[in-house]
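Working notes, structure below.
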Amino acid sequence: MRKILLLLGLFPATMVLAQKKVNPQKIAATITEEDLKKHLYIIAGAEMEGRETATEGQRKAAAYIENEFKKIGLLPGYNGSYQMPFPVYKDSLVSASLKVNDTEFALNNDFQPNLRMARSGEFYFSELVFAGHGIVDPNRDDYNGQSVKGKAVLILDGAPADYKTELKGMLAPNAMFAKYQRAVEKGAALVLFVSNDFPRKAGAAPSMYVNLYAPEQPTALYNISASVAEKLIGAEWQSIRETAKQTAVPAKVYKANLAVQLNKKVQFLESTNVLGYLEGSDKSDEWLVITAHYDHLGKRGDVIYYGADDDGSGTVAVIEMAEAFAKAKAAGQGPRRNILFMTVSGEEKGLWGSAWYADYPAVPLEKTTANLNIDMIGRVDTERTSADTLNYVYVVGDDKLSTELKPLSEGVNKKYLKMTLDYKFNDPKDPNRIYFRSDHYNFAKKGVPVIFYYDGMLQSDYHKPGDTPDKINYTLLKKRAQLVFYTAWEMANRDNMMKRDLEIPTMTR
């Protein structure tokens, strides 16, 4: 690399002048529907088994992407390798029991532990705190002053008929995740959720995670049947249950001897991100990072969750863009900055792969001009009714971190494609919190300017087995991939890195 830099140093003006004259349209035209389709039918094919993190299907997908990077001519992006490993741990249940006073309840018939949140051991409580629906928001606190520090807490599922909120998804105050988080914040040792879906045919699903070692162990979480709740609360249970359907019920301490026991096995696994890079010319100490996640939900029994749009579409777009830039370089029209092409795994589990990269980056984050992230660009938002359904993309995050993002993005689009750039998900009140739900956010948390490209498909086949390659609109996929390519071209070749002149938004996924 040093010899190359010396030669480049002799002719910087010539190189830059030549670069400015390059028209990237012929290069963008090498991103074709045929190639996107060819790659996607493999990535989202049955052989990849849904590409669940730390499974054989994911490893097959990683090997395919690595091989494509090699064929394209990308250099290995992580310590001489194309794959960056990170640890994954998997819990499986050995045994569990739950007893109230002298009555023992049956696993799966009346209770089920959440293996990620429930740790091995035995726990005994002589009382518990009933906290109604466990809802906490600026206008309501179902705990009503009751201290739950170190205690067992009983919470009803759902919300009463008179509770209203505009928030949706797992962060809404009446969602199970949010309720659990509020109980954790209040210091609960054990959370019992009363669920209506008992008995359950399936046992507790094996749990996967990356943070085996943590400053604090998680609060245990169990789902229980109404029969267990009635045994814990006693004669008041039926009247509480009826009242709670309509309105809030008061928090209260109940006496009961509760014993829970859990024994789980921890399996040590591994997953990988796949990284390849193209070396820049006169700005090869700076980087542009282009990402998509290649993992999906895997299999449920014999049913495959193919993940063609989510995010096979982004993955194949990264491969095609890498090939386009490599062809440009082979023709003497390569980028000024290095471009790192990275497909990550663990996104569906909680943005694991990108979080690992952000904590242990392969290239300096302070020298990373931007991250362009692609997560679902192959279909049409089924909730979109405007006439531009075949000529749009949701652009997310271009109003954050850098004031230069939006002008650059809009300028490129106006010059080359004239698509509708929809900023719906930039709204701070977006109930889906899309900005915080894909891999770009782990770059943004570190201050790297980001743009996220997305088709908005949250209905239809989202996270269902029907997300298959035959349902992709390949013309639209090509157009969106080319938009990202043109944006990357501009970012990789401009004189200065993107400014970092706006505050870093903070939030949890």
Side-chain angles (χ1 to χ4, degrees), residues 52-54 88-125 128-135 148 151-159 170 174-184 188-209 211-212 217-233 237 240-241 244 254 256-267 297-301 303 305 348-350 463:
E52 183 175 13
T53 297
V88 174
Y89 307 98
K90 182 177 181 179
D91 287 343
S92 56
L93 184 64
V94 177
S95 64
S97 66
L98 186 150
K99 182 185 291 187
V100 181
N101 297 329
D102 296 324
T103 302
E104 187 160 347
F105 290 89
L107 176 66
N108 302 327
N109 191 67
D110 279 303
F111 78 96
Q112 202 171 79
N114 179 303
L115 292 183
R116 175 67 190 99
M117 303 304 178
R119 56 191 183 275
S120 292
E122 298 178 347
F123 305 91
Y124 302 92
F125 300 90
L128 74 151
V129 177
F130 171 67
H133 285 92
I135 296 172
V148 298
K151 296 182 180 181
V153 179
L154 180 67
I155 294 175
L156 300 174
D157 197 8
M170 64 183 180
N174 57 332
M176 180 176 174
F177 176 80
K179 293 180 179 184
Y180 172 76
Q181 288 297 109
R182 301 297 84 77
V184 170
L190 168 67
V191 177
L192 303 172
F193 271 101
V194 184
S195 303
N196 296 319
D197 58 348
F198 283 99
R200 296 179 174 181
K201 293 181 180 180
S207 173
M208 298 173 70
Y209 51 97
N211 53 336
L212 178 65
Q217 291 300 306
T219 298
L221 173 62
Y222 283 68
N223 288 91
I224 61 171
S225 68
S227 298
V228 178
E230 183 172 21
K231 191 68 175 179
L232 287 164
I233 288 179
W237 168 248
I240 286 174
R241 193 178 192 187
Y254 288 89
N257 290 331
L258 169 65
V260 293
Q261 174 274 331
L262 179 73
N263 182 17
K264 66 180 182 180
K265 179 177 68 175
V266 180
Q267 186 177 1
L297 303 181
K299 296 173 64 176
R300 304 294 182 268
V303 178
Y305 288 68
E348 300 288 6
K349 303 293 187 183
H463 281 191

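- Contact check for V228 versus T103: no side-chain heavy atoms found under the 4.5 Å cut-off.
- Note that the OG atom of S120 and the CG atom of N263 stand 5.0 Å from one another [nearest 0.5 Å].
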Q: Given side chain to side chain contact (heavy atoms under 4.5 Å, CB included), test Y305 with K299 step by step and report yes or no.
A: CA-CA 6 Å; Y305 288 68; K299 296 173 64 176; over 6 Å; no
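- In this structure, E348 and T53 have side chains that are not in contact, with every pair of non-hydrogen atoms separated by 4.5 Å or more.
- Here the CG-CG distance, from L221 to L115, works out to 10.5 Å after rounding to the nearest 0.5 Å.
- Listed here is the closest heavy atom pair of A96 and L107: CB-CD1, 4.2 Å.
- With rounding to the nearest 0.5 Å, the separation of OH in Y222 from CG in L98 is 7.5 Å.
- Remark: S195 engages N223 in a side chain to side chain donor-acceptor pair (under 3.5 Å) (not counting sequence neighbours).
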Q) Checking side chain to side chain contact (heavy atoms under 4.5 Å, CB included) for the pair E52/R300: CA distance, chi angles, key distance, verdict? A) CA-CA 11 Å; E52 183 175 13; R300 304 294 182 268; 4.2 Å; yes
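- Proximity of L258 to Y124: side-chain heavy atoms (C-beta onward) are nowhere separated by under 4.5 Å.
- Between Q261 and S95, the closest heavy-atom pair is NE2-OG, 3.4 Å.
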Q) Does the side chain to side chain contact (heavy atoms under 4.5 Å, CB included) test come out yes or no for L154 and V194, once each step is laid out? A) CA-CA 7 Å; L154 180 67; V194 184; 3.6 Å; yes
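- Counting heavy atoms from C-beta on, the side chains of Y180 and V184 come closer than 4.5 Å.
- Between the CG atom of N101 and the CG atom of N257 there is a distance of 5.5 Å, given to the nearest 0.5 Å.
- Salt-bridge annotation for E230 and R241: absent, with no side-chain N of the basic residue lying under 4.0 Å from a carboxylate O of the acidic one.
- Annotation: side chain of L190 is not in contact with side chain of V153 (no heavy-atom distance under 4.5 Å).
- When all heavy atoms of F111 and F105 are compared, the closest pair comes out as CE2-O, 3.4 Å.
- Side-chain atoms of N114 come within 3.5 Å of backbone atoms of R116 as a donor-acceptor pair (strictly under, hydrogens ignored).
- The stretch residues 90-108 participates, sequence neighbours left out, in these salt bridge (Lys or Arg N to Asp or Glu O under 4.0 Å) pairs: D91-K264.
- In terms of modelled atom types and a separation under 3.5 Å, the side chain of R182 and the main chain of G134 share no donor-acceptor contact.
- A donor-acceptor contact shorter than 3.5 Å links the side chain of T219 to the backbone of A188.
- Side-chain contact between Q112 and R200 is present, with at least one heavy-atom pair separated by less than 4.5 Å.
- In this pair, Y89 and Y209 present their aromatic rings tilted. The plane angle is within the 30 to 60° band.
- Put simply, the side chain of D110 does not reach to within 4.5 Å of the side chain of I224, judged on heavy atoms.
- Across P113 and A204, no two heavy atoms sit closer than the pair O-CB, 3.7 Å.
- Taking 4.5 Å as the limit, some side-chain heavy atom of F193 sits within range of a side-chain heavy atom of K179.
- Nearest heavy atoms, I135 versus G158: CD1-O, 4.3 Å.
- Taking CG of L192 as the start and CZ of F125 as the end, the distance is 8.5 Å to the nearest 0.5 Å.
- Rounding to the nearest 0.5 Å gives a distance of 8.0 Å between CD1 of I240 and CG of L156.
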